[in-house]
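The next block holds one structure in the form of structure tokens; read it before the comments.
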Amino acid sequence: MLTVLCMVAMPSSGQGVDSLLKKQRRLFPQEKAYVMTDRDLYLAGDTARMRAWIYDCNSEKPQSMSRFIYVELRDAADNLKVRVKLRATSPHPFNSLITTFNSPVIGGQKPKERASSPLGEDGGGFRGYIALPPTLTTGDYTLVAYSYYMMNTSEKLFFKKLLHVMNPKDISKGLLPTNLTKERPVREDELEVPEGANVAISITADRLCLADSTSNIVWSLRNQPDLFTTEDIREGQTTFYTPKLPYEGGQTVSGTVFGNLRTKKVQPGVKVSMMIPSQKIANTCVTDAEGRFQFSGFNLPDSTLVFLSAKKGKRTRMDNIRVDGDSLPEHITHLPAMRNYYKRTQDVPQDMKIVSSTVDIANTQLLAEIMVKGEKKERVTETYQNLASRTLVADELMDRGIRDLESALLRMPGVQMINGNLCYRGKPLRFFVDGLEEGFGEDYNDMSMPSVGSMVALSYPMDVIQRIDFIRPEDTAFLVGGAGMGGMAAVCITLKDATDQRNISRSSALKLHWPLGYQKYKKMVPVPATESWPVIFWNSNYTVRRSQDIMRLAKKVIGERREAGDNGAYTLHIDGFTKEGKPLHVEKTFF
């Protein structure tokens, strides 16, 4: 059961039902989600491109107090096939919501009030995609979208829509959707899009796929049920529901530190260190009376590797760290499949055969969207290699039977152990991990450096390390963090890519954790007009200047296809919000 509600007593002075309903909705604002996909029909192994919004029912505008939205694909048996986490494109542009509700924000600080347009700098919302597994069988799947805050309610209030998926093998056997084997009705809709609206635009080839037509943003937001109605309120009411779960404003990594595996006793007062080298993040905290720790206030992309270690006192390392999993629903009621949607036919269009045979490259066929400009950043690890007087390759060390970093360093000329410190020419070493210098807090000894027992870097298992670069004191002045001060040498560790670390062995002193991070934005590339492809145009972030501009755009894209010999019908599908924050839907078919 997903519903998590709290009752609070509030003084009432005989207010009317309408006034009390407004108070209830103000104490517990309702979010509604909507996802537009570039079409309705996909092949297994294809890519479903999306634009999503979260709508606040009080302000009646799209909002971004929830910084993330979760989008899932589930089959008819409610098996989770894909789950992605999308990050809001604009940082909290909606002041009307921010200033009227004082709900806490998990994983980050509540945004400060700032002046902005009703739709923010780029229309707000969320952009991303779902890579459909190539093993999907032909059938109807449920696309589900919700925020962490929406889990205060029932999953019945989550956004849901059907996506139709075909396995390419079934096309070769003559199985096709019924909608593709008959003429579609002519649409006479006028193309009027208000100036200043921010929308997502999809243009599809009707003979190859269906436009995103099973729902639209206006219909969906109007028909999603309200969390509270007048039937839930009685005159003179003094108790109201408030949400227990906060808005999700950032990433949170939390868990519990236990004693040894035999006692499993929680460990209060233990120092927990977290390092995320790829994001240049390092932090420490102390467990509470229940052995709990929590790090928050940062955002992590998907597949980010987090290193955690715990230490009691100066030297004693705690090996039993349990990290909390993602608190997301396991079961969501799926939508019923469409009856008689697929049927056998002897006349499979040649273009459909071509598309089905090239679906293995579908994940790279992403349509043009936004050009992002910026200077290329030099990899810090390249600087390591250029400055290093000696480089050790971790895989070669393991082949020689060297399984820990301390043993590897002690084999270097000039490195020795002095009073519990790894030193070079009598001075302790500095440690850098993917450009992040390890912070030591209060763990300093008489030599003003941490002892070996407190070094997190020395706990890294050798099979997560790609390369170890040793930099002499005279060359360390170029490193970030001033490692050259005092004539100290540096050990610079380059970790393997996170995708290569899933199957590594685990160090007893180090906990490796991959939290569910947000999806990285993927650059889109155009599909040539000479190629058959279901979606000939997709732009998830288009700000309208004039309706004529969209009409001109559609005619240009469709005209290029027809010049290439394709004279079929095309459907233009638009969803989004006006500059006043009202939902907007436009659909037109071109013949």
Side-chain angles (χ1 to χ4, degrees), residues 36-43 45-51 127 129 168 171 176-177 179-180 183-193 197-213 348-373 521-576 585-591:
M36 174 184 170
T37 55
D38 58 344
R39 50 185 149 136
D40 278 355
L41 176 63
Y42 297 91
L43 297 179
D46 208 341
T47 300
R49 290 165 284 270
M50 305 178 295
R51 174 72 184 270
R127 299 194 297 273
Y129 62 93
I171 294 179
L176 280 179
N179 305 62
L180 297 184
E183 292 294 328
R184 300 187 62 191
V186 178
R187 296 184 180 275
E188 302 294 343
D189 305 313
E190 292 294 332
L191 186 61
E192 294 183 3
V193 185
N198 186 272
V199 298
I201 303 175
S202 174
I203 303 178
T204 56
D206 287 12
R207 74 188 188 287
L208 295 177
C209 73
L210 302 179
D212 181 15
S213 56
V348 177
Q350 183 64 27
D351 286 341
M352 180 62 77
K353 293 180 180 179
I354 295 175
V355 171
S356 65
S357 65
T358 58
V359 72
D360 58 312
I361 63 170
N363 285 328
T364 63
Q365 296 287 336
L366 301 175
L367 306 184
E369 284 206 354
I370 300 172
M371 294 295 295
V372 180
K373 297 182 179 180
Y521 188 78
K522 194 168 185 177
K523 183 180 179 181
M524 308 295 183
V525 295
V527 177
T530 54
E531 292 187 11
S532 295
W533 205 251
V535 180
I536 66 171
F537 182 83
W538 166 255
N539 192 325
S540 64
N541 180 38
Y542 186 91
T543 300
V544 180
R545 295 184 179 179
R546 300 175 303 173
S547 293
Q548 295 90 327
D549 293 341
I550 296 182
M551 198 67 173
R552 188 181 300 112
L553 171 66
K555 289 182 177 180
K556 177 179 181 299
V557 173
I558 296 173
E560 292 175 351
R561 292 283 164 164
R562 288 179 172 164
E563 288 178 3
D566 185 355
N567 296 315
Y570 296 89
T571 296
L572 170 70
H573 184 95
I574 299 174
D575 272 336
H585 169 72
V586 176
E587 188 172 341
K588 184 177 181 62
T589 299
F590 295 81
F591 292 92

Hey, could you give me the SG/CZ distance between Cys209 and Arg39, rounded to the nearest 0.5 Å? 5.5 Å

Is the closest side-chain heavy-atom distance between Pro177 and Leu41 below 4.5 Å? yes

For a quick test of reading the model, state the closest non-hydrogen atom pair linking Ile203 to Ala554 and the distance between them. CD1-CA, 3.9 Å

With sequence neighbours left out, what residues match Arg545 under side chain to side chain donor-acceptor pair (under 3.5 Å)? none

Tell me the closest heavy-atom pair linking Met50 and Ser540, and the distance in Å. O-CB, 4.3 Å

Applying side chain to side chain contact (heavy atoms under 4.5 Å, CB included), run through Ile171 and Leu43 and close with a yes or a no. CA-CA 10 Å; Ile171 294 179; Leu43 297 179; 3.4 Å; yes

Any sub-3.5 Å donor-acceptor pair from Ser547's side-chain atoms to Val193's backbone N or O? yes

Please report the shortest heavy-atom distance between Asp566 and Arg207, naming the atom on each side. OD2-NH1, 2.6 Å

Looking at every heavy atom in both Arg561 and Trp533, which two are closest together, and how far apart are they? NH1-N, 4.2 Å

Rounded to the nearest 0.5 Å, what's the gap from CE on Met352 to OG on Ser356? Could you check? 7.5 Å

Side chain to side chain contact (heavy atoms under 4.5 Å, CB included) between His573 and Asp40, intermediate numbers included: CA-CA 11 Å; His573 184 95; Asp40 278 355; over 6 Å; no

Taking only residues two or more places apart in sequence or in another chain, which ones pass side chain to side chain donor-acceptor pair (under 3.5 Å) with Tyr542? none

What distance separates Tyr42 OH from Thr37 OG1, expressed to the nearest 0.5 Å? 4.0 Å

Might you work through the side chain to side chain contact (heavy atoms under 4.5 Å, CB included) test for Leu572 and Ile550, ending with a clear yes or no? CA-CA 10 Å; Leu572 170 70; Ile550 296 182; 4.1 Å; yes

With Arg51 as partner, the option from Ile201, Asn541, Val199 fulfilling side chain to side chain contact (heavy atoms under 4.5 Å, CB included) is Asn541

Compare every heavy atom of Leu176 with every heavy atom of Pro349, then report the nearest pair and how far apart it is. CD-CD1, 3.7 Å

Quick check for you: to the nearest 0.5 Å, what is the distance between Phe537 atom CZ and Asp38 atom CG? 12.0 Å

Closest non-hydrogen atom pair between Val535 and Trp538, with its separation: CG1-CB, 4.1 Å

Straight-line distance of Met551 CE to Asp549 CG, nearest 0.5 Å: 12.5 Å

Measure the CZ-CZ distance between Arg546 and Arg552 for me, rounded to the nearest 0.5 Å. 5.5 Å

